Amino acid sequence: MPPSLRAPRGTRDLLPDERAAFARLERTALELAARYGYRVMETPLFEQAALFERGIGAVTDVVEKELFRVLPSRGEEREAWALRPEATAGVCRAYIEHGMQTLPQPVRLSLTGPMFRYDRPQAGRYRQFWQWDVEAIGDAGPAIDAELVELGARFYRDAGLTDVEIVLNSIGDPACRPAYLARLVAHYRAHLVRLPELERRRLETNPLRLLDSRDPAMTEVNEGAPRITDHLCAACGEHFAGVRAHLDAMGVAYRLEPGLVRGLDYYTRTAFEFYRRGAEGQQQALGGGGRYDGLVELLGGKPTPGIGFALGLDRVVLALDATGGGRPAEGAPVAVVVGADPADTVGRLRVATGLRDAGLPVRADLSVRKLGRQLEAAVREGAQFAVILGDELATGDVQLRDLDGGSQKPVPLVDLPALLRRKVRS
RNA sequence: GUGGCCUUAGCUCAAUCGGUAGAGCAUCGGAUUGUGGCUCCGAAGGUUGCGGGUUCAAGCCCCGUAGGCCACCCCA
């Protein structure tokens, strides 16, 4: 094995079993998107770095230290590219670029695909990871906020995760957040002596972060801290109440968390995250989203409200594995064509091709092993039937063997496709 | 980006005091010539992540490096 040639740090191969698990989640996501009226689209895997710098915020971690920058190999356009760290910025760029403000609003969009962050890898944290992203652009809410939260929750349920908790908050807007931030900073300044070194630095860079600090020394100081939800302006307060009312009306359970902050600058008002209940560790955020009413304008479009979420498919797969559900077996052929004459690969391939013509997933044993070995291999890959070619071919018959029960009977080759199709259905 | 732990066959792991690398599973072959999951026999599979150093001798000790993981940071 050549250790010098391996998957780059923070990336991994999705081997067939895991790829199948991803495919199932993707099917669930796309089916839900269709059911809720979100149309699937694609954006490039890379964009101008400026899109993310401007949209996400130049001083956020995602841009400052995690942006996966790409140097053009030929420099006639000295563009600075970056692999997309998330989908929202690209979707909004496309909304503006293609004049989607002329479509009936809101425009409901969805996509799945890989995202890239140049982060230090850990379990559940990769440099290339997959998201299902859903965006509704052009609706100020609050009803659509609730619709999206419910959609996200339904995805986890349909995917088979039962212990997912919804955490909800409002982080205000440019009308009320600055005043709140000033209050918050004043509060921490008053308790400066009790703040650990790290938290003092964060006070300068990102005071909202102190609220969800994990440092035990912070618990007491945080208890007395002003809550954003107590300092929302009238419009934001009304909006937040509307979101909760709609969620309540749908019977969607959630936990209010005034400390919930989102890491990207563009978020306003509604913020939510999905967590695995009872799971320890740092990589348990399964997904999150929020409202970004200023983003489209920031990127050069007309003032347009928007809201969306992104769910981490890798983490859902991990969570499904952890909950012990296991992965359903997939890809086993209905039948394997084996033969008494090991050398007769022509006959086996010909019979298999005929069955494939009939739409049946069938493998021909193309080895030259003796019959017993061929049957053994068929059983071990989970095939339902073995089609055995032998002397009966002289009269146009093959042996059809049920590999579970072990029963076996001669069947005219011409009847085989129809017979197998009937058996598969039952 | 910071600190720590780990790395031996495809996988999961052994290897005493530093003494020249093994097992199970998986793979392939065989058990007298048309019938499977079991059993038995056998084969193949390793520059012990990589590169240096110490030593008569290194999987084991030291340094570096890469990767994984854990805690931060942050997020999905």
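Everything numeric in this text was worked out from a predicted model, so none of it was measured. Lettering of chains follows the sequences in order, A, B, ..., and the numbering in each one begins at 1.
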- Query: Rounding to the closest angstrom, what is the interatomic distance between rC62(B) and rU7(B) at atom P?
  - Reply: 13 Å
- Item | Nearest-angstrom distance, C1' atom, rU33(B) to rC38(B) | 23 Å
- Query: What does rC72(B) pair with, Watson-Crick or G-U, if both distances are under 3.5 Å?
  - Reply: rG1(B)
- Assign each of P8(A) and L371(A) to its nearest nucleotide of RNA chain B by heavy atoms, then name whichever residue's nucleotide is nearer the 5' end. L371(A)
- Query: Rounded to the nearest Å, what distance is computed from the OH atom of residue Y118(A) to the P atom of nucleotide rC73(B)?
  - Reply: 22 Å
- Test: D13(A) and R6(A) ion pair at under 4.0 Å: no
- Query: Less than 4.0 Å between a side-chain N and a carboxylate O, is that true for R69(A) and E53(A)?
  - Reply: yes
- Using atom C1' of each nucleotide, how far apart are rA15(B) and rG46(B) to the nearest Å? 14 Å
- Item | OP1 or OP2 of rA31(B) under 4.0 Å from side-chain N/O of K370(A) | yes
- Message: Whether R12(A) contacts rG67(B) is assessed here as follows: a side-chain N or O lying under 4.0 Å from the phosphate OP1 or OP2. Is that the case?
- Response: no
- Message: Without decimals, in angstroms, what is the distance between R125(A) CZ and rA71(B) C1'?
- Response: 10 Å
- Using purine N1 to pyrimidine N3 plus N6-O4 or O6-N4 for Watson-Crick, or N1-O2 and O6-N3 for G-U wobble, both under 3.5 Å, which nucleotide pairs with rC61(B)? rG53(B)
- Note on the structure: As its Watson-Crick or G-U partner within any shown strand, both distances under 3.5 Å, rA66(B) has rU7(B)
- Message: Using ring centroids (six-membered ring only for Trp), state whether F274(A) and F272(A) fall under 6.0 Å.
- Response: yes
- rA71(B), rA76(B), rG36(B): which one has an atom nearest the side-chain heavy atoms of A310(A)? rA76(B)
- May I have the distance from D119(A) (atom CG) to rG68(B) (atom P), rounded to whole angstrom? 12 Å
- Counting just side-chain N and O atoms, does R380(A) come under 4.0 Å of either OP1 or OP2 of rU27(B)? yes
- Query: Nearest nucleotide by nearest heavy atom, which residue falls closer to the 5' end of RNA chain B, E66(A) or R401(A)?
  - Reply: R401(A)
- Taking atom C1' of rU35(B) as reference, at what distance in whole Å does atom CG of L389(A) sit? 13 Å
- Item | rC40(B) - base-pair partner by Watson-Crick or wobble geometry, distances under 3.5 Å | rG30(B)
- Could R363(A) and E381(A) be called an ion pair, given the rule that one side-chain N must be under 4.0 Å from one carboxylate O? yes
- Query: Has Q374(A) got a side-chain N or O lying under 4.0 Å from the OP1 or OP2 atom of rG36(B)?
  - Reply: no
- Which nucleotide in rG68(B), rC72(B), rG37(B) has an atom nearest any side-chain atom of R9(A): rG68(B)
- Task: With the side chain counted from C-beta on, respond yes when E147(A) and E150(A) share a heavy-atom pair under 4.5 Å apart, and no when they do not.
- Result: no
- For rG18(B), what is the paired nucleotide under Watson-Crick or G-U wobble rules, both distances under 3.5 Å? none
- So, D119(A) and R117(A), do they make that salt bridge, N to O below 4.0 Å? no
- When you compare rG52(B) with rC60(B), how far apart are their P atoms, in angstrom units rounded to a whole number? 14 Å
- Query: Using a cut-off of less than 4.0 Å, is there contact between a side-chain N or O of R369(A) and OP1 or OP2 of rC28(B)?
  - Reply: yes
